[in-house]
Amino acid sequence: MVWQPEIDEIKRRVAMAKKMGGEEGIAVQHGRGKLTIRERLDLIADKSSFQEIGQLAGAATYDGDELINVRPSNSIIGTCRVNGRKVVVSGGDFTVRGGAADASIGNKGGHAQNLARDWRLPFIRLLDATGGSVKTFEKIGRTYIPTNPVTPGIEDLLCEVPVVSAALGSVAGLPAVDACLAHFNLMVKGISQVFPGGPPVVKASLGIDISKEDLGDERSQVFESGVIDNLANSEEEAFDMIKRFLSYLPSNVWQMAPRTDTSDDPERREESLLSVIPRNKRQLYDPRKILDAVLDKDSFFEITPHYGRSRIVGLARVNGYPTGVMINNPKRLGGSMDVAAGAKVIRFLQLCDTFHLPMVYFADEPGFMSGPDQQRQGIVRAGAKILCTTLRTQMPWISIIIRQLYGVAGQCHDRPGGMFKRVAWPSAHWGSMHISGGVSAAYRRIIDESDDPEAKRKELEQQLDALASPFRTAEAFNIEDIMDPRDTRPMLCEFMELAQPILTSQLGPTAVPYMP
């Protein structure tokens with residue numbers, strides 16, 4: 001028992017650390033409807049799996065040589081298991097100095113980040129923290145040039161392991177940027193806000209009085225800007241989302257995504273697919289019914305559902321294999337690609353390519369959204385970016401053209417390199433531009449000089465419509481197959497099996513780095 005006094009001292013210091021910001025700080029945290037960092041760790045980690053790193057770090061107070069108290073670091077890091085898989089977790093403790101980034105003890109966040117990269121483990125940030133604080137200037141007796149030891153290396157980490165950020169309170173400054181330095185992020189309705197500078201900063205710089213909710217809650221960050229991908233109704237739901245997102249991905253880019261057992265028959269043929277697309281081209285349909293009919297039951301996890309809503313994207317499984325899935329949403333802008341949808345699709349393509357997930361695209365693309373609003377937002381440059389992103393991907397890709405494919409946006413279903421397959425349903429039609437608008441442009445003089453311009457326009461449209469049959473395109477071998485929609489799931493299951501050896505050969509970092 002030679003070292004028992006020191007063992008007792010360790011236990012004493014650990015007990016101090018677990019008090020976090022003290023009873024008052026914890027009460028304030030709970031009063032705001034938020035869990036403490038340790039309560040959050042208990043929820044996200046498999047039972048008894050969290051192993052804390054640096055739990056003795058803190059600001060100590062001594063009376064001579066006697067330790068009076070240790071105010072713990074406002075950052076808690078460690079490893080744990082999530083659904084049986086090892087991950088690295090870093091969490092801010094708002095009960096200690098509001099989680100201020102420049103009030104932390106040592107570079108714990110950087111240590112966690114390096115640990116995730118060195119051991120090739122997924123990295124989860126639980127953000128409930130502010131950035132810098134002017135109180136730090138008083139404490140150190142000077143100002144400082146803004147640098148952050150955590151940031152360097154994140155550009156490589158994003159190319160190697162899954163990174164998830166959860167905004168679980170008022171997240172400002174550096175932590176707000178950390179929220180975006182991730183493959184997937186989310187916030188919680190009613191308790192989360194994200195902004196570079198809070199209301200006092202806005203007041204000082206712009207003279208505007210604004211609440212933190214009006215400045216940075218889900219209204220601006222999820223629905224308007226798309227800065228945050230998903231919105232949870234509670235912290236518990238947020239942790240479930242994190243677990244589900246990670247379940248589709250490998251631990252790192254050198255591993256294959258995990259296949260799960262499924263009771264869903266790979267030969268399942270849904271009769272509903274034969275009539276899900278109306279013959280009337282102007283009639284809407286529910287794109288999610290198509291996903292339900294062909295993907296493994298209850299496997300679709302939508303990402304960024306409230307932003308760029310003309311395109312639905314998410315992760316799913318086909319015969320147990322994880323895959324990326326996209327489908328146009330005719331209920332929003334007719335499914336047209338606008339700037340918001342383009343930004344969303346670019347991030348999603350990068351995610352799937354980085355972690356070697358095949359891509360399944362159900363295409364119903366009428367083209368890039370036109371009009372003065374999209375012009376002001378730069379739709380042409382946005383279109384160029386998505387075209388280049390599509391062409392740079394290497395993962396196995398299958399496009400199933402379910403309705404329409406037009407213009408340059410229609411080209412974004414195609415990719416010359418790697419495994420690519422393209423088929424169509426009988427409901428499909430395509431071209432460089434829509435016949436209705438194209439006739440008015442190409443035959444303007446003939447139409448204008450006719451005795452009945454409207455009748456002449458309709459006559460020309462009917463003539464060209466006869467040429468738009470997908471079977472004529474198949475005759476020229478411009479499409480691999482016109483298929484019975486009911487055969488879609490069996491075909492996709494076969495595609496997934498064929499894709500696995502290709503994906504295995506592509507393991508490791510991709511040539512094009514991931515950009516958040």
Side-chain angles (χ1 to χ4, degrees), residues 40-47 49-50 79-90 116 119-126 157-158 160-166 182-186 188 228-264 266 288 291-292 294-305 312-326 347-360 395-396 492-493 496-497 499-500 503-504 507 514:
R40 289 165 175 164
L41 291 169
D42 286 342
L43 284 174
I44 197 168
D46 292 354
K47 188 175 181 180
S49 70
F50 181 66
T79 63
C80 68
R81 293 192 179 276
V82 173
N83 290 338
R85 186 164 55 173
K86 199 83 165 181
V87 304
V88 177
V89 181
S90 175
W119 287 95
R120 298 179 177 179
L121 297 174
F123 184 38
I124 301 173
R125 301 189 194 93
L126 305 179
L157 188 73
L158 288 168
E160 297 176 2
V161 306
V163 180
V164 177
S165 290
H183 301 106
F184 175 66
N185 61 19
L186 68 164
V188 179
I228 301 298
D229 293 317
N230 284 37
L231 178 66
N233 290 312
S234 66
E235 293 195 48
E236 291 82 358
E237 184 182 23
F239 301 141
D240 286 342
M241 284 184 180
I242 292 172
K243 293 176 182 179
R244 191 169 182 196
F245 173 80
L246 290 175
S247 73
Y248 296 93
L249 301 181
S251 290
N252 56 66
V253 298
W254 292 273
Q255 296 180 5
M256 291 286 285
R259 186 186 184 187
T260 59
D261 292 333
T262 177
S263 58
D264 200 346
R288 288 179 172 82
L291 302 184
D292 291 342
V294 299
L295 305 175
D296 289 0
K297 293 292 187 182
D298 302 318
S299 74
F300 184 63
F301 177 69
E302 189 170 356
I303 297 175
T304 323
I312 296 169
V313 307
L315 303 175
R317 292 185 179 86
V318 174
N319 201 22
Y321 292 109
T323 184
V325 177
M326 301 190 297
R347 284 191 66 229
F348 185 65
L349 293 180
Q350 289 180 324
L351 169 70
C352 294
D353 204 39
T354 296
F355 293 105
H356 310 294
L357 300 182
M359 178 59 60
V360 178
M395 71 284 209
L492 283 180
C493 290
M496 290 298 155
E497 292 288 349
Q500 300 313 301
L503 293 167
T504 301
L507 293 180
Y514 180 90

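If you read the sequence from its start, that first residue is 1, and numbering goes on from there. This is a predicted model, so every value here is computed, not measured.
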Inset, instruction - For Gly314 and Phe300, work out which heavy atoms get closest and say how close. - result: CA-CE1, 3.6 Å

Legend entry - Test of ring centre spacing under 6.0 Å for Phe184 and Phe301: yes

Legend entry - Side-chain donor or acceptor of Arg40 paired with backbone N/O of Phe239 under 3.5 Å: no

Legend entry - Glu302/Arg244 ion pair, N-O < 4.0 Å: no

Inset, instruction - Please answer whether the main-chain N or O of Leu121 pairs with a side-chain N or O of Asn252 as donor and acceptor at a distance below 3.5 Å. - result: no

Inset, instruction - Considering only NZ, NE, NH1 and NH2 on the basic side and carboxylate oxygens on the acidic side, decide whether Arg317 and Asp264 come within less than 4.0 Å. - result: no

Inset, instruction - Verify side-chain contact (heavy atoms from CB on, under 4.5 Å) between Val87 and Phe123, making sure each step is shown before the conclusion. - result: CA-CA 6 Å; Val87 304; Phe123 184 38; over 6 Å; no

Inset, instruction - Return yes if some donor-acceptor pair links the side-chain N/O of Asp353 with the main-chain N/O of Met395 below 3.5 Å, else return no. - result: yes

Inset, instruction - Can you see which heavy atom on Arg85 is nearest to which on Ser247, and at what distance? - result: NH2-N, 4.1 Å

Inset, instruction - Answer yes or no: is there a donor N or O on one side and an acceptor on the other, between the side chain of Thr323 and the main chain of Pro358, under 3.5 Å? - result: yes

Inset, instruction - Spell out, as yes or no, whether a donor-acceptor pair under 3.5 Å connects the side chain of Asn230 to the backbone of Thr304. - result: yes

Legend entry - From CG (Leu249) to CD (Gln255), nearest 0.5 Å: 11.5 Å

Inset, instruction - Rounded to the nearest 0.5 Å, what's the gap from NZ on Lys243 to CD1 on Ile44? Could you check? - result: 7.0 Å

Inset, instruction - Determine whether more than 12 heavy atoms belonging to other residues, nucleotides or ligands lie under 6.0 Å from atom CH2 of Trp254. - result: yes

Inset, instruction - Please name the pair of heavy atoms, one in Val360 and one in Met496, separated by the smallest distance, quoted to 0.1 Å. - result: CG2-CE, 3.5 Å

Inset, instruction - Might you point out which heavy atoms bring Met241 and Leu231 nearest each other, and give the distance in Å? - result: CE-O, 3.4 Å

